[in-house]
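Worksheet: the structure to be examined is printed underneath.
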Amino acid sequence: MSERITSWHLSPAKPRYTPPPGAVDAHCHVFGPMALHPFSAKAKYLPEDAGPEMLFALRDHLGFARNVIVQASCHGTDNAATLDAIARSQGKARGVAVVDPGIGEDALAALHAGGMRGIRFNFLKRLVDDAPKDKFLEVARRLPKGWHVVIYFEADIMGEMRPFIDALPVPVVIDHMGRPDVAQGRDGPDMRAFRALLASRDDIWFKATCPDRLDGAGPPWDAFARAVAPLVADYPSRVLWGTDWPHPNMEKAVPDDGHLVDMIPRIAPTETLQHAMLVANPMRLYWPEEVV
Ligand code: 0GY
């Protein structure tokens, strides 16, 4: 791996939709900058630098107030780039870390002090070498108070994920709804399995994210809108939204972030739903001390 890739739009459109004051982009990443924060030796892709200044400029351009920065697999378990971005955000960013499951209490406390509020378990074989469920469960039992786990997996392994998710002792956030095939429709097998998961406990949240990854038909991602809007309507207090900027591994179909924002009113058509998805819900998970 030697060629560095750019997977984000260089001049995204200004969205037609204006997010409410205090809106949170609850799924985004930073890459590097490599000179300060080298990528992991195990990274499966080698991106160009997409550092905090770029992220914060996009946040402002799109009309958001805050970010939740999820540690990307290209940085492995070294959270320095994400922590650095949080530190530079002037309180407008918090994060989700990726840790070695053997991490000690002091290191977890340091991550908390640096703005992390959860850890991510990634089960995508193209992104990580190993996803040891027993060790993940063990560290999930030792998380700082108020933390949650974020899980990234694809719909084809939903069955084997269920016992693991059932056993998690803290709230769970599912990235990109477990990547359903949205072409199957709102009642297709993938959405039915995902709804069964949501129904199994009331502390499972989900990100209504990534039409660009889930809808093979491409923009304007109509199949995504049709499949996801009913889910948002049925679970308004458990849904989050994010750009996924800088869109790891999407260099062949780079989405326009302005158009992604314009998906929001299509999946959350009322102001009440929009406020829940963009403000109230992410605030409860990431800035609970500010929730009255
Ligand atoms: C995403 C999706 C992907 C990558 C990562 O950590 C990562 O590298 O999450 C992907 O390639 O599907 O949510 O950013």
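By convention here, the first residue in the shown sequence is residue 1. As the structure lists them, so they are numbered: ligands from 1, and atoms in each ligand from 1. Keep in mind that the numbers below use all heavy atoms, side chains included, and drop hydrogens, waters and symmetry copies. Everything numeric here is computed off the predicted structure, so don't read it as measured data.
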Please verify whether a non-hydrogen atom of Arg179 lies at under 4.0 Å from ligand 1.
yes
Would you sort out whether Val149 and Ile119 count as a side-chain contact (heavy atoms from CB on, under 4.5 Å), showing the intermediate values?
CA-CA 5 Å; Val149 302; Ile119 56 172; 4.0 Å; yes
Would the distance check show the side chain of Thr6 and the main-chain N or O of Trp8 forming a donor-acceptor pair, the cut-off being under 3.5 Å?
no
Which protein non-hydrogen atom lies closest to atom 12 (O) of ligand 1, naming both residue and atom, and how far is it?
Tyr152 OH, 2.6 Å
Taking a cutoff of less than 4.0 Å between a non-hydrogen atom of the residue and any ligand atom, is Met250 in contact with ligand 1?
no
Does a side-chain heavy-atom distance below 4.5 Å link Leu214 with Arg179?
yes
Has Asp244 got a side-chain atom pairing as donor or acceptor with Cys210's backbone, closer than 3.5 angstrom?
no
Does ligand 1 have any atom sitting under 4.0 Å from a heavy atom of Arg120?
yes
Picking from Val96, Val99, Ile86, what satisfies side-chain contact (heavy atoms from CB on, under 4.5 Å) with Met116?
Ile86
Run Asp222 and Arg266 through side-chain contact (heavy atoms from CB on, under 4.5 Å) and show every step you take.
CA-CA 9 Å; Asp222 291 333; Arg266 299 176 67 197; 2.6 Å; yes
Check: Gln71 N/O within less than 3.5 Å of ligand 1 N/O:
no
Atom 1 (C) of ligand 1 - nearest protein heavy atom and its distance:
Asp244 OD1, 3.2 Å
re atom 6 (O) of ligand 1, the protein heavy-atom contact at minimum distance is Ser73 N, 2.7 Å
May I ask you to check whether Asp175 has an N/O atom sitting below 3.5 Å from an N/O atom of ligand 1?
no
The closest protein heavy-atom partner of atom 13 (O) of ligand 1 is His176 NE2, 2.7 Å
